[in-house]
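Working notes, structure below.
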Amino acid sequence: MTSPESELMKNGYIHSNHLKLLFIIILTVVALLCVLITLGFGVYDISLPDAIRTFFDHLLGNVGTDRTSIRNDHYVWDVRLPRAIGALLIGAGLAVAGAIMQNDFRNPLAEPYTMGISSGAFLGAVLFIVLEISIIPISGLDSTLINACICSLIPTVIIVTTAKFKKLTPTAMILTGVAIMFLFNSICQVILVSAPSETLADAYNWRVGTLSRIEWDSLPPMIIVDVIIISALWIISPKLDVMYSGDKPAQTMGVNPQRLRIVTLIMVSIMTAVLVGHTGTIGFIGLVGPHVARIFVGSKNKYLIPASAAFGAAFIIIADTIAKVSGVNGLPVGVISSMVGGPLFIWILIKQRKKTWM
Amino acid sequence: MSTKVIAIAVVAVVVVAGAGVGVYFLLNNNKGGSSDVVMPDLQICGNANLDKTIDNYDLQIIMDIINGDKSFKDYPLADANGDGEVNNDDRLLVDNIIERKEGTTIYVYCLNTSGDMVSVPVSYPLNNVIPFGTNVVEPSLYAGGGPHTVAYFGKSNYPICESSMVDKIGVTVLGDPAKSAGRAISDDAWKDLMDLDASLKAADKKIGAFLLDYSGREALTETFQNDLKSAGIPVLSFASADAISEIRAVLTLSFLYGTTEEALGLNYANTSWKVLEKINSTLSGLKDDDKKTYIAFTMGIYVCQNDSTFNTTGAEAKGLPYYKTNSTFKAAYEGTSSAKMESTEALSNYDDADFMFSNRSIDYGKLTPAAVKKEVKGTWDKKTGDNKYSDFFKNLDNYHNLVYVNNLLPGAVKIAYMAYSMYGADYVELNFAWAESVLQEFIDGGYAPFSGQTVTSTMPIITYAMYEAASA
Amino acid sequence: MKDTAEPSTKEDVVLQYHRLILRKLMLLVASIAIIVLIVGLFSVSVFDSITLVESYEVIWNHILGNSYEPRTTMWWADRYIWNTAIPRTFAAIIAGVSLAVCGTLMQAVMNNPLADPYSTGISSGACLGAVSAIVVGAMFSATAGEFSLITNAFIGALIPAILVIILSERIRMTPATLILIGTALSYFFNSMITYLMVTTDADTLKSAYLWQIGHLDKITWDNIPLMLIITIIGSIFIIAISNKLNIMSLGERSATSLGINVQSFRIICLSVMAIMTAAIISFTGIIGFVGLVAPHIVRLIIGSDNKYVVPISMTFGAMLLLLADYVSSLWSSMPVGVVMSIIGSPLFFALIVFQSKKTGAIY
């Protein structure tokens, strides 16, 4: 079994860990640059230099008082900047989640939504959008968000509890996730087929996944989960590597693979739940992000986790920039990410067809 | 090795696909199309002079055609029985129509489901109708059709506006009474219709007509159409989502419902034309450059595309559709339906549009100030995702010119309120009091949907000022 | 399962064999009986005032050419039964047969119990075809609408199939690759569908959404012939090759050593399946689970000999879909696709939970 890493090294693309580090740094810089660039794109007509100037004006505290300046400031600082930061957070979070899932299940097709998180989140959202049921009925809270967060954790809870009582192989866990997904989807269908078209459209648009709803208020929870969970995962990355080598070898090396799997699954699920609650289920980045990162830095989690995060962030922010200027007045980023992600996925398949995973 | 197999497989798939499509095409060779035709006010064959009623003038024209003094070509509607020629039968029929003789077979000049104008025979006076689609239910009720309705589809979304139909004793709900019918007719609803017709047959009655909103015509599938045809149930279809077509539909239906209703309908049409004339005469000097521009919306955050019927309604109020002044907008919103605003930036470049008219169906009967207030705030701040409707508008220069217009109102009232919104400040003739007086005139006119309503309880418009007052 | 346990003596083998055959026959008979019963129930569900006997009387009279006085209850019942109930029942049977047999074929050819007729992306292609007809076609006349919808869906369904077949030349085509490509294609098609859906208005979105779910209530006699012909030809073909399917399930290497050109065989099977599935779903929309669950349940009961699994899953699939459609007609016109997924997803869940050892081992 040759890992992609060693093969790439043989091919002479990347010689040392320094190059891997460089790759991560470059992607991070690209992602951060894109934050500035994306400020100049959108439906509102403002040139890129103007947008960047507005951004620095606000940062330095000298916003003009004329109508144009105020409007510029509003669209750049209050609408586009949180959206851009949100793009970074969601891209990084989902890509890392995907990397961990693929590592946990040793399955190249695993992604953050494999355990049914997306269907749970959608069910939660539908419950509020169509039936106006709040799981935590406190006014002032965003019920769609709360519902989606809570419901998206249900599949994970079920799988983890089942795994506690019954020995579930990783594949059985995935299959259980798929089954729960089917179950949730059919409940959603029952609710949606009798919904009025306006509400159906709202629910559908929620599922596609868009960053347009992100405001400054949405960012703190996203930042907290992203930072804490990604760093925690990075810290335990050596153990993850051991687990990746297989359950038996892991046990001989003193790692309890099942427990580690469950702990990481829970972490990843919480992160995904919070992110998805804010944006809807943006597809593909969790699947494709880690694959691309793996091509460059190999599958050692010490590098894979930051590389996936950097690539994911850069990918989503670019996809969102494209999304903002496509169509009549912008498209949800979910459309773009899956349009780009589909062919990318096929390319990965062809590229990796000789590898053991295939 | 497998190249040959692949080639054969691909060819086989393509050939079978082609054959399948071909077979299907041969089995279902449909035709369609429409042509420009005359449009009378009263859409009834025999209305030779195309005015609001059938009277001796029409009879005179028919006799002139029979005598050869006038040409049938100039008066296509002189053919009262739709047989393609004008003769003594038409004269006798029009005689009967003028007498409003019960049991007369009247030919209604209306659309069929393919979009062609056809003559559909119904029995006078028209009774036991079944309307499908909000845009034909309301005109039928304004025409006094409530008591003439034998059944309707699904749960009524506007039970107060539609009370003359919903609360009628003995009216049948087709399909699930707890569920709005939406855009399709369910199998269950159709079975209920069959059941109803069988029971009417047993009582020696029948369904007078199936009223169809032309924009919802796809609900009436071929199977359903064949059923209606075999059972001899006529289908009357009107494009009544458009304000002018709506007036004609009310006039025509009221004529068919009987003499009392006919008087109502004539009044309705006259009041409506008067409103349009008033706007026309007041603003006759207005050039396109001086007209206020407007963007129309539906369902809160959907932009009505350029050729949507909601856009034409604003133009009847002498507004200028915004797409005519902005080519970017025009290119972006090509089409006849509507497009959802993806982000709160969507309108940011169209800041120079003077008005934003948002069409919204709001049920009547908001009798207390508190109910009005709740509706105002609820509409304005309705949530969609994390955003409110108002978030999409609030950064525009003309945010204060966002106006929600109640879609359930008679077309002329909608037009009046739009005209007031745009020109009330500059033209005293079109001020708020005038718009309110138009609505009051309709309320006083005795049309069933307005029974027990006032100018405030019908929620004709929701303006920014009302929202501010309600939020204070 | 018990039956597959090693028999100890010769008598045991014979006994077990007979028992197995008996079980197969019983299942077959039971399925057919239930089908007939449901057909009856269907027709009855027209009016409350019509009894089971009366509804068969209506059918009998129609066959004899007797007609009723127009607009009476019996006359309407006659119209409904002949123009709606019977085509719908036929469609349910044909679609059930076709989807189940395609599912069996797919699972055998792909050597993957989770494969179903939609695994190569056919459903998303059909869906894209239909949705583009609904969304773009919304601007054209009503008459063009239905026609363009069905042909669009049909052609759309075959695009991923053709792509998979062509790609199979470039890539070493293991079953896993095929399914992965199918998944990737469906992701791509789905993104186009999403694009169309989010840019259209709410009402059109709803029609498109409802189409996707799968329905049988708009089926007319005109739709039946194409579905029927393709299903009959395809089913005969699959029954004829069911022995080879057994060999395929032994694994690629064994199959090759037993004289099967695995690659070509797979492509032929895929083509047949694509056409069969396309012919169904372009009329009915994407009805899920029949193709996935029906073969599983049959295999659970009679074992995995494809000679029996193929024909019996056909009847079982027909019965399953018919049952779902019957429930859907009782449940205030809930689309059959929804009912099917409500029936199917717990079944699928149960299969996984109770077979987790087995499945874990296989997949």
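Lettering follows sequence order; numbering is per chain, from 1.
- Remark: the backbone N or O of C:L196 is not paired with any side-chain donor or acceptor of C:T200 at under 3.5 angstrom.
- With hydrogens and angles ignored, the 3.5 Å screen pairs no side-chain donor or acceptor of B:S114 with any backbone N or O of B:D116.
- Residue C:W221: no heavy atom, backbone or side chain, is found under 4.5 Å from chain B.
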* Test B:F329 against B:Y323 for ring-ring contact (aromatic ring centres under 6.0 Å, His included), laying out the working first. => CA-CA 6 Å; B:F329 184 90; B:Y323 75 87; 7.5 Å; no
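- Within the 4.5 angstrom heavy-atom criterion, atoms from both the backbone and the side chain of B:S338 approach chain C.
- Within 6.0 Å of the OH atom in C:Y195, the count of heavy atoms belonging to other residues, nucleotides or ligands does not exceed 12.
- Interface residue B:K206: backbone and side-chain heavy atoms are both found under 4.5 Å from chain C.
- A salt bridge between B:K340 and C:D201 is absent, with no side-chain N of the basic residue lying under 4.0 Å from a carboxylate O of the acidic one.
- The 12-atom threshold is not exceeded at CZ of C:F90, counting heavy atoms of other residues, nucleotides or ligands nearer than 6.0 Å.
- Contacts of B:L220 with chain C are absent, with no heavy-atom separation under 4.5 Å from either backbone or side chain.
- Few gaps surround NZ on B:K179; more than 12 heavy atoms of other groups in view lie less than 6.0 Å from it.
- Contact tally against chain C (heavy-atom pairs below 4.5 Å) for B:G175, B:S230, B:A184, B:A189: the top residue is B:S230.
- Per-residue counts of heavy-atom pairs under 4.5 Å with chain B were compared for C:D203, C:I229, C:N83, C:T84; the largest is that of C:D203.
- Looking at B:A202, neither its backbone nor its side chain comes within 4.5 Å of chain C, counting heavy atoms on both sides.
- If you measure heavy-atom distances from C:S282 to chain B, you find no contacts under 4.5 Å at all.
- When heavy atoms are compared at a cutoff of 4.5 Å, B:D176 approaches chain C solely by way of its side chain, counted from C-beta outward.
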